[in-house]
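Here's the structure, in C-alpha cells; my notes come after.
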Amino acid sequence: MGQGPYALRFDPSHRTVELQQAHADLANGEERDVAVAVAGRVMTRRVMGKLAFFTLADETGPIQLFIEKATLSASMPDDPEAFAHITSLVDAGDLIGVQGTLRRTDRGELSVKVKSWQMLSKSLQPLPDKWHGLSDVEKRYRQRYLDLIVSPDTRETFRRRAVAVSAIRRWLDERGFLEIETPVLQSVPGGADARPFETHHNALDLPLTLRIATELHLKRLVVGGFERVYELGRIFRNEGISTRHNPEFTSIEVYQAYADYNDMMDLTEQLIAHVCQQVCGSTTIRYQGNEIDLTPPWRRVTMHELVKEATGLDFTAFISRAEVAEAMEAKGLAVPALADSVGRLLVEAFEQTVEADLIQPTFVIDYPVENSPLARAHRSKPGLVERFELFIVGRETANAFSELIDPVDQRQRLEAQMARKAAGDDEAQQVDEDFIQALEVGMPPTGGLGIGIDRLVMLLTDSPSIRDVIAFPLLRPESVN
RNA sequence: GGGUCGUUAGCUCAGCGGUAGAGCACUCGGCUUUUAACCGAUUGGUCCUGAGUUCGAAUCUCAGACGACCCA
C-alpha cells in the first residue's frame, strides 16, 4: 500500500448527514455519478466474497460503503490488491477515508460506491460490543471516548451542553452583559457555604484555595463600574460525590446594577426558557417521565407558605427555637443541632418536606437572614432577606439575591459566620476584608444570580446523573495494581 | 457515614460445591445486495484481591478494593 497506518490529512467533500439529506431522492438500485469523499470510523463490516459493505460514521452519523472488487481493481490500478487490503486490513474501529460515487442499494441504503480508500488511523483496541454498546456505567465514565463512539445519545448530550452554554452567553451578550474572568486561585474563599480545595503557591509561599464561587469578585467589578457582568466557569467544592454533585462543576453568576431579586426572577425565567427553546425546540420538555413546563411565568412563592402547605406549621408565628423544635418533632421531622435558630429550622423543614416535590419550576422566595449572609435584608419582612432559589424537578437550579451592599451590615453578617465556623460549622463563610473595603467604596443596588449549569443541562438532556453531563467526571483512580 | 446490588474472555453476559461457558469481536477459510450478514474452523481466562471452610471453591464464609443505586 505504501502508506503507514497514520495518515497526515484527508479532504472530505461532505459530512455523511449532508449526503443523506441531499440524495434522499435517489431510488433503490440507482447510482448517481457525483464524486464524494468521506472520512470516519468503520463501525461494522460485512464482507461477502467479492463484495463488501462497511458502515462508516463521522460526527454527523453513519453512511454505508459499497465496496466491489471489480470497481476497486479498475479505479486503483496501482494497487491490484486494493479489495483484499480493505477487507483484510481494515477492522471495525479503524478510521479510513474513501472516495467514490453514490448508489442506493436494492435494500434502500444510501451508500458510497468506493473507488479508492486510505487508512487514516489504525485502531489497536477493539470497539465495545456493537449490539449492547457500553453498558458498564463505570467504563462509560472512565473511557468516555468509547462511550462517545458507540452511543449517539451521549454525543447528543454533549452537543446540547455546548449549544446551551453558547446560547446563554449569546443571550447575555446581546443584553449588554460583559463576561469578565475572575481568579480561580484565592486566598480567602468566599461567596458560598462550602469547603474549598487547598493548594499552595511556591514562589510566594502562599496557601491558596480554589474558588467556591465567583460572587465576591464579580461584585467588586460592579463596584468598579461594570453594570452588567457575568462569568460562566468552573467552581470547585471539596464535598461528596452524588448524582447531583461533582467536586468541580460549572456555574454562571450574573450581576445587574440597579436591579433587585424580582428583576432577577424575570431574567432567570426568560434566560432559561430561551435556552430550553434553543436546545430542545420547545419550552415544554420531558424529564425522567415528568412533563416540565418552562414557559414563563413561573410560580413565585415564599418559603413560609410552602412549609405551611406541607406541614401545617406557620413559622411566622414562632418566637423561640425550642417551640419550633417541639413542633417539628411532633411532625416527625429531624431537628439537627447545627440548626440553632427559628430561621435555620424553617430551612430544615423546607428541605425535609417541600424541596423534593417542587417538580415544575418554582421560585422559592424570602429566606431567613441567618442562612444568607450576602443577601440584602428584606424591604418589609424583618428577619428575612430578598433571596430566591429556583427549584426544578426537586433540585436547586439557581440562587439569587437583591445583593447586600451595606458594608456595615455585611461585616456583621460575615462576623456571625466566622462565629459559626469557630463553633464547628466548617462550611460557614469568613470575612473578606478587601471585599468589605470594596463595599465601603460604594456598590450600586444590584441584583445577583447564580445558575448551576450542570443541573440545567441534566434537565435539558433528560440525564439522571450529573456524571452524564460532565464529559470526564471525577472518579477514584483505578486500583494501583 | 449507613444500606442494597454488582465485579467471570477485548465487549455483553450465563454458570452458584465436581474439567471455565455462550454470543459478538479478533485470527483463518468460503461467499457479489448485506445492514446484529451468513456458514465453517481456530484463538482467547489472576472467575476483583486476600484469608478461611471443604477431598475439592468462580460458586459457601469473613475481610478488603472498586463501582452503581438508595438513604443521611
Side-chain angles (χ1 to χ4, degrees), chain A residues 16 20 26-31 40-57 61-74 82-84 86-94 100 102-114 122-152 195 239-246 288 332-339 348 351-353 355-356 394-395 426-427 463-468 473-481:
Chain A
T16 63
Q20 300 280 10
L26 190 60
N28 290 5
E30 296 293 311
E31 295 201 10
R41 194 180 295 274
V42 174
M43 303 305 291
T44 63
R45 16 185 338 272
R46 296 173 290 281
V47 180
M48 43 208 65
K50 299 181 180 64
L51 177 67
F53 299 94
F54 289 6
T55 307
L56 188 76
I63 193 164
Q64 182 167 267
L65 304 183
F66 179 92
I67 308 165
E68 275 184 312
K69 184 175 186 181
T71 304
L72 266 187
S73 301
F83 183 80
I86 193 171
T87 55
S88 65
L89 299 181
V90 177
D91 297 318
D94 292 352
L102 292 176
R103 174 191 182 96
R104 190 175 297 279
T105 62
D106 297 347
R107 301 292 180 83
E109 189 76 35
L110 183 68
S111 307
V112 176
K113 183 177 179 181
V114 175
K122 180 70 185 168
S123 172
L124 303 179
Q125 300 275 355
L127 287 180
D129 189 283
K130 67 185 170 194
W131 186 241
H132 298 96
L134 257 195
S135 60
D136 180 338
V137 179
E138 181 187 354
K139 191 150 289 184
R140 284 219 318 260
Y141 299 143
R142 286 196 193 280
Q143 297 184 269
R144 182 69 88 184
Y145 40 91
L146 290 180
D147 185 27
L148 290 165
I149 289 168
V150 300
S151 310
R195 290 158 65 176
E239 295 169 349
I241 296 175
S242 76
T243 51
R244 293 179 297 281
H245 299 88
N246 193 62
Q288 303 294 297
L333 302 178
V335 180
L338 266 177
E348 273 296 328
E351 289 175 352
Q352 290 177 46
T353 64
E355 186 170 336
R395 286 197 288 259
D426 50 18
E427 292 190 354
S463 298
S465 169
I466 196 170
R467 290 178 169 185
D468 297 324
L474 183 67
L475 299 173
R476 203 183 294 268
E478 284 184 287
S479 100
V480 281
N481 303 328

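The chains referred to below are lettered A, B, ... by the order of the sequence lines, with proteins before strands, and numbering in each begins at 1.
- The nearest whole Å value for the distance from the CZ atom in Phe53(A) to the C1' atom in C38(B) is 13 Å.
- Regarding Leu65(A), its CG atom lies at a distance of 18 Å from the P atom of U33(B), rounded to whole Å.
- With both ends at atom P, the span from G17(B) to G2(B) equals 31 Å, rounded to whole Å.
- Checking C69(B), C11(B), A37(B) against the side-chain heavy atoms of Lys139(A) singles out C11(B) as nearest.
- Here Lys69(A) does not reach the OP1 or OP2 of U32(B): none of its side-chain N or O atoms lies under 4.0 Å away.
- Using a 4.0 Å heavy-atom cutoff across all strands shown, Arg103(A) reaches at least one base atom of the nucleic acid.
- Taking atom CE of residue Met48(A) and atom P of nucleotide A36(B), one finds them 12 Å apart after rounding to whole Å.
- RNA chain B is contacted by both Val137(A) and Arg46(A); Arg46(A) maps to the nucleotide lying nearer its 5′ end (nearest heavy atom per residue).
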Please list each protein N or O that sits under 3.5 Å from an N or O in nucleotides 25-29 of chain B, with the distance.
{"residue": "A25(B)", "atom": "OP1", "partner": "Lys130(A)", "partner atom": "NZ", "Å": "3.0"}

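- The shortest heavy-atom contact between Arg41(A) and Gly93(A) is NH1-O, 2.8 Å.
- U4(B) and A68(B) make up a base pair, with Watson-Crick or G-U wobble contacts both under 3.5 Å.
- The separation of U49(B) from A57(B), taken at their P atoms, amounts to 15 Å, rounded to a whole angstrom.
- Rounded to an integer number of Å, the gap from CD1 of Ile241(A) to P of C71(B) is 18 Å.
- Atom NZ of Lys69(A) sits in a sparse spot, with 12 or fewer heavy atoms from other residues, nucleotides or ligands closer than 6.0 Å.
- Taking each heavy atom of Pro464(A) and Thr243(A) in turn, the nearest pair found is O-CB, 4.1 Å.
- C60(B) and G18(B) have their P atoms separated by 11 Å, given to the nearest Å.
- In a base pair of the Watson-Crick type (N1 to N3 plus N6-O4 or O6-N4) or a G-U wobble (N1-O2 and O6-N3), with each distance short of 3.5 Å, G56(B) is matched with no nucleotide.
- Using atom C1' as the reference point in both G30(B) and C16(B), the two lie 41 Å apart (nearest Å).
- On the C1' atoms, C71(B) is 24 Å away from G64(B), given to the nearest whole Å.
- Rounded to an integer number of Å, the gap from CG of Leu475(A) to C1' of G67(B) is 9 Å.
- Protein atom CD of Gln288(A) is 10 Å distant from nucleotide atom P of C70(B), rounded to whole Å.
- Pairing for A41(B) goes to U27(B), judged as Watson-Crick or G-U wobble with the two contacts each under 3.5 Å.
- Nucleic acid contact class of Thr105(A) (heavy atoms, under 4.0 Å, all strands): base.
- For the pair Pro62(A) and Met43(A), the minimum side-chain heavy-atom distance is 4.5 Å or more.
- As rounded to the nearest Å, C5(B) and A14(B) have P atoms that lie 16 Å from one another.
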